[in-house]
Number of protein chains: 2
Amino acid sequence: MSHHDLNRDEDSPDRKIAYETVYKSLYDSIITGRFKPGKPLTIRGLAEEMNVSPMPVRESIRHLVALGALEMQTTRRVAVSEMTEERYREIVKVRILLEPEISVRAMAHCNNALINKLKHIDNEIESALDKGDADCYSLKNWEFHFTLYRAANCPIMLRLIESIWLQFGPFMRIIVGRLGTSYMVDQHINAITALKNKDEKALREAIRQDIYDGMDRIGEKLLGHASPK
Amino acid sequence: MSHHDLNRDEDSPDRKIAYETVYKSLYDSIITGRFKPGKPLTIRGLAEEMNVSPMPVRESIRHLVALGALEMQTTRRVAVSEMTEERYREIVKVRILLEPEISVRAMAHCNNALINKLKHIDNEIESALDKGDADCYSLKNWEFHFTLYRAANCPIMLRLIESIWLQFGPFMRIIVGRLGTSYMVDQHINAITALKNKDEKALREAIRQDIYDGMDRIGEKLLGHASPK
DNA sequence: TAAAAAAATTTGTGATCACAAATAATCTCA
DNA sequence: TGAGATTATTTGTGATCACAAATTTTTTTA
């Protein structure tokens with residue numbers, strides 16, 4: 001299953017909807033940091049690039065603006081938001097509030113298939129880090145977390161977390177290539193171990209630390225300091 | 001300021017954008033429970049009702065679906081979601097996580113003007129309850145909470161809370177007319193007092209209790225039981 | 001009479017056009 | 001030469017149309 005339909009049990013491609021293709025494409029562009037923050041995106045430009053009419057792009061942009069993935073200025077031009085001190089602090093705060101919580105709920109529904117899937121994705125993440133493949137890292141890190149969170153069966157909480165991720169997603173690639181990335185403790189492994197042992201406390205701590213590790217690196221690069229604990 | 005532009009400091013009506021009018025209208029219809037949960041809404045129907053072309057309605061619907069205010073079925077028809085046991089539990093959980101938190105942040109920026117504004121809105125709420133005016137109650141209760149939350153200056157957290165409110169908003173009117181509403185402790189007053197005294201603990205408790213009081217009544221009516229503490 | 005099939009209608013999506021506002025490019029004049 | 005005014009272009013929004021899918025209504029058949 002793709003990482004876009006966060007709550008759908010199976011893909012059901014009855015009809016090819018251009019809007020969905022466009023939405024997914026923009027979504028991935030955002031979380032891999034393809035759009036420079038602040039640089040205006042145009043409906044016609046994106047439509048031409050994807051060989052569709054402006055209509056599906058218009059609707060996708062409305063959707064992504066609603067999620068906070070794109071920002072609409074008063075002149076109605078849209079762009080990825082720049083990261084600011086205030087936004088950064090809010091994002092860390094909310095992640096720490098929500099993500100350990102949903103992880104614990106996922107633990108209740110966790111089986112071997114999920115654990116193996118997470119292990120596999122984590123290997124791909126490590127490989128992407130080794131190769132310095134920032135696009136792959138961003139997508140796979142996304143996939144790891146949302147594979148776990150989706151298992152919680154909490155669609156409402158999941159939507160909120162998705163909104164948050166879309167707001168720091170464009171900066172996730174910064175983590176790749178930062179000095180010391182390879183010496184980082186792999187909190188994903190700790191999380192997987194905790195899931196296996198049904199150790200709620202350890203799981204919370206692993207997710208919590210994973211958030212701080214990643215956000216610290218983004219904060220250091222963008223704002224010159226680590227996240228406030 | 002209206003309650004729709006949650007993060008804008010002042011309305012700037014440079015040009016009349018039909019989309020914004022339509023969006024606000026649908027927004028208010030949703031939070032006052034005008035649309036029956038599960039009953040499909042049609043683009044053309046709403047457009048005709050508001051004397052606009054289908055275009056602004058299409059975009060508004062995309063926006064509201066993205067926020068979780070409306071649900072899009074696989075056949076692409078949209079409707080207000082029905083309340084389920086699972087959704088209800090998630091909503092209570094997330095509200096308890098986020099709303100006391102943002103309230104405390106609002107306290108830091110709280111001045112007399114805000115306190116007076118909240119007092120005034122709370123009077124209107126009490127009046128609406130007395131008269132049994134469910135529409136007015138829903139709108140004013142919304143205004144009370146978002147006036148407070150907006151003061152926190154946390155636009156990212158605010159957006160998440162807005163998304164949650166849009167999901168139980170259609171059922172807020174249930175609170176009016178429930179037996180015993182008039183004997184309820186007014187937690188808004190407690191919150192205002194806590195704000196005045198800069199008493200973080202009391203503020204958290206007031207907001208927390210206000211959430212439980214309201215959600216309990218919704219749960220009792222819709223699901224036959226109170227919220228899980 | 002009720003279930004199945006067929007026809008008619010409604011609905012969402014995608015494309016195209018017109019228009020005014022916003023942006024970019026050019027020109028003017030000191 | 002460069003800042004301000006003017007023109008040209010680009011852009012988002014709103015409207016309308018075509019079309020296929022979904023829904024509703026009608027008809028048929030057992």
Side-chain angles (χ1 to χ4, degrees), chain A residues 4-5 8 10-27 29-30 35-67 69-82, chain B residues 4-5 8 10-27 29-30 35-81:
Chain A
H4 299 96
D5 302 322
R8 196 174 297 178
E10 48 177 325
D11 289 346
S12 54
D14 292 59
R15 183 162 55 129
K16 277 282 169 292
I17 296 290
Y19 158 75
E20 287 176 7
T21 311
V22 170
Y23 177 76
K24 288 175 186 174
S25 169
L26 293 178
Y27 195 106
S29 292
I30 289 168
F35 300 138
K36 189 166 173 286
K39 171 112 180 282
L41 301 174
T42 66
I43 294 172
R44 285 175 176 88
L46 294 168
E48 196 170 344
E49 193 180 305
M50 304 186 204
N51 289 308
V52 292
S53 86
M55 283 302 310
V57 177
R58 276 168 79 165
E59 304 213 35
S60 297
I61 284 180
R62 273 290 172 224
H63 190 152
L64 291 163
V65 168
L67 290 177
L70 298 174
E71 200 173 28
M72 179 166 284
Q73 304 163 8
T74 51
T75 59
R76 275 169 260 286
R77 304 201 73 167
V78 290
V80 168
S81 296
E82 315 257 9
Chain B
H4 300 97
D5 302 322
R8 197 175 296 178
E10 49 177 327
D11 289 347
S12 54
D14 292 58
R15 183 163 56 128
K16 277 283 169 291
I17 296 290
Y19 158 76
E20 287 177 7
T21 311
V22 170
Y23 177 76
K24 288 174 186 175
S25 168
L26 293 178
Y27 195 105
S29 291
I30 289 168
F35 300 139
K36 188 166 175 287
K39 171 114 181 279
L41 301 174
T42 67
I43 295 172
R44 285 175 174 88
L46 295 168
E48 196 169 342
E49 193 179 305
M50 304 186 204
N51 291 308
V52 291
S53 86
M55 283 302 311
V57 178
R58 276 167 77 165
E59 305 213 35
S60 297
I61 284 180
R62 275 286 174 228
H63 190 151
L64 291 163
V65 168
L67 289 177
L70 298 174
E71 199 173 30
M72 179 167 283
Q73 304 163 7
T74 51
T75 59
R76 275 168 260 287
R77 304 201 75 167
V78 289
V80 168
S81 297

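Throughout, a chain's letter reflects where its sequence line sits, starting with A, and its residues are numbered from 1. Just the heavy atoms: all of them, side chains too, but no hydrogens, waters or symmetry mates, feed the values below.
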Exercise. Roughly, in whole Å, what's the span from CZ in B/Arg77 to P in C/dT13?
Worked result: 11 Å
Exercise. So, is B/Thr75 near the phosphate of D/dA21, with a side-chain N or O under 4.0 Å from OP1 or OP2?
Worked result: no
Problem set entry | Distance-only donor-acceptor test (3.5 Å): side chain A/Arg44, base D/dG12 | yes
Exercise. Rounded to the nearest Å, what distance is computed from the CE atom of residue A/Met55 to the P atom of nucleotide C/dC17?
Worked result: 15 Å
Exercise. Among D/dA15, D/dT11, C/dT11, which is the nearest nucleotide to the side chain of A/Thr42?
Worked result: D/dT11
Exercise. So what does B/Arg58 hit on the nucleic acid, given a heavy-atom distance under 4.0 Å: a base, only sugar-phosphate, or nothing?
Worked result: base
Exercise. So, is the end of the B/Arg62 side chain (NZ or CZ) under 6.0 Å from the ring centre of A/Tyr23 and within 45° of the ring's axis?
Worked result: no
Exercise. Given C/dT13, D/dA15, C/dT16, which nucleotide is nearest the side-chain atoms of A/Pro54?
Worked result: C/dT16
For this session: Nearest whole angstrom, please: distance from the C1' of D/dG12 to the CG of A/Leu41.
Result: 13 Å
Exercise. When the distance from CG of B/Asn51 to C1' of D/dG14 is rounded to whole Å, what number comes out?
Worked result: 14 Å
Exercise. Which part of the nucleic acid, if any, lies within reach of A/Leu46 when heavy atoms closer than 4.0 Å are counted: base, sugar-phosphate only, or nothing?
Worked result: nothing
Exercise. Looking across every strand, which nucleic acid part, if any, lies under 4.0 Å from A/Ile61 by heavy atom: base, sugar-phosphate, or nothing?
Worked result: nothing
Problem set entry | Whole-Å distance separating the NZ atom of B/Lys16 from the C1' atom of C/dA20 | 15 Å
Exercise. Quick one: A/Lys39 NZ to C/dA24 P, roughly how many Å, whole number?
Worked result: 11 Å
Exercise. What nucleotide among D/dT23, D/dA15, D/dT11 has an atom nearest to a side-chain atom of B/Val52?
Worked result: D/dA15
For this session: Report the nucleotide, chosen from D/dA15, C/dT13, D/dT13, that has the shortest atom-to-atom distance to any side-chain atom of A/Arg62.
Result: D/dT13
Exercise. What's the CD-C1' distance between A/Glu20 and C/dG12, to the nearest Å?
Worked result: 12 Å
For this session: Whole angstrom is fine here: how far is it from CD in B/Glu48 over to C1' in C/dT10?
Result: 12 Å
Seminar exercise, completed: Closest to the 5' end of DNA chain C, once A/Ser53 and A/Gln73 are matched to their nearest nucleotides, is A/Ser53
Problem set entry | B/His63 side chain reached by B/Leu26 side chain, heavy atoms, under 4.5 Å | no
Seminar exercise, completed: CD1 of A/Ile30 to CG of A/Leu41, rounded to nearest 0.5 Å, is 7.5 Å
Exercise. Hey, what do you get for CZ (B/Arg58) to CE (A/Met55), rounding to the nearest 0.5 Å?
Worked result: 3.5 Å
Seminar exercise, completed: Checking D/dG12, C/dG14, C/dT13 against the side chain of B/Arg76 (C-beta onward), the nearest is C/dT13
Exercise. Does a sphere of radius 6.0 Å around CD in B/Glu48 hold more than 12 heavy atoms from other residues, nucleotides or ligands, not counting ones at 6.0 Å or beyond?
Worked result: no
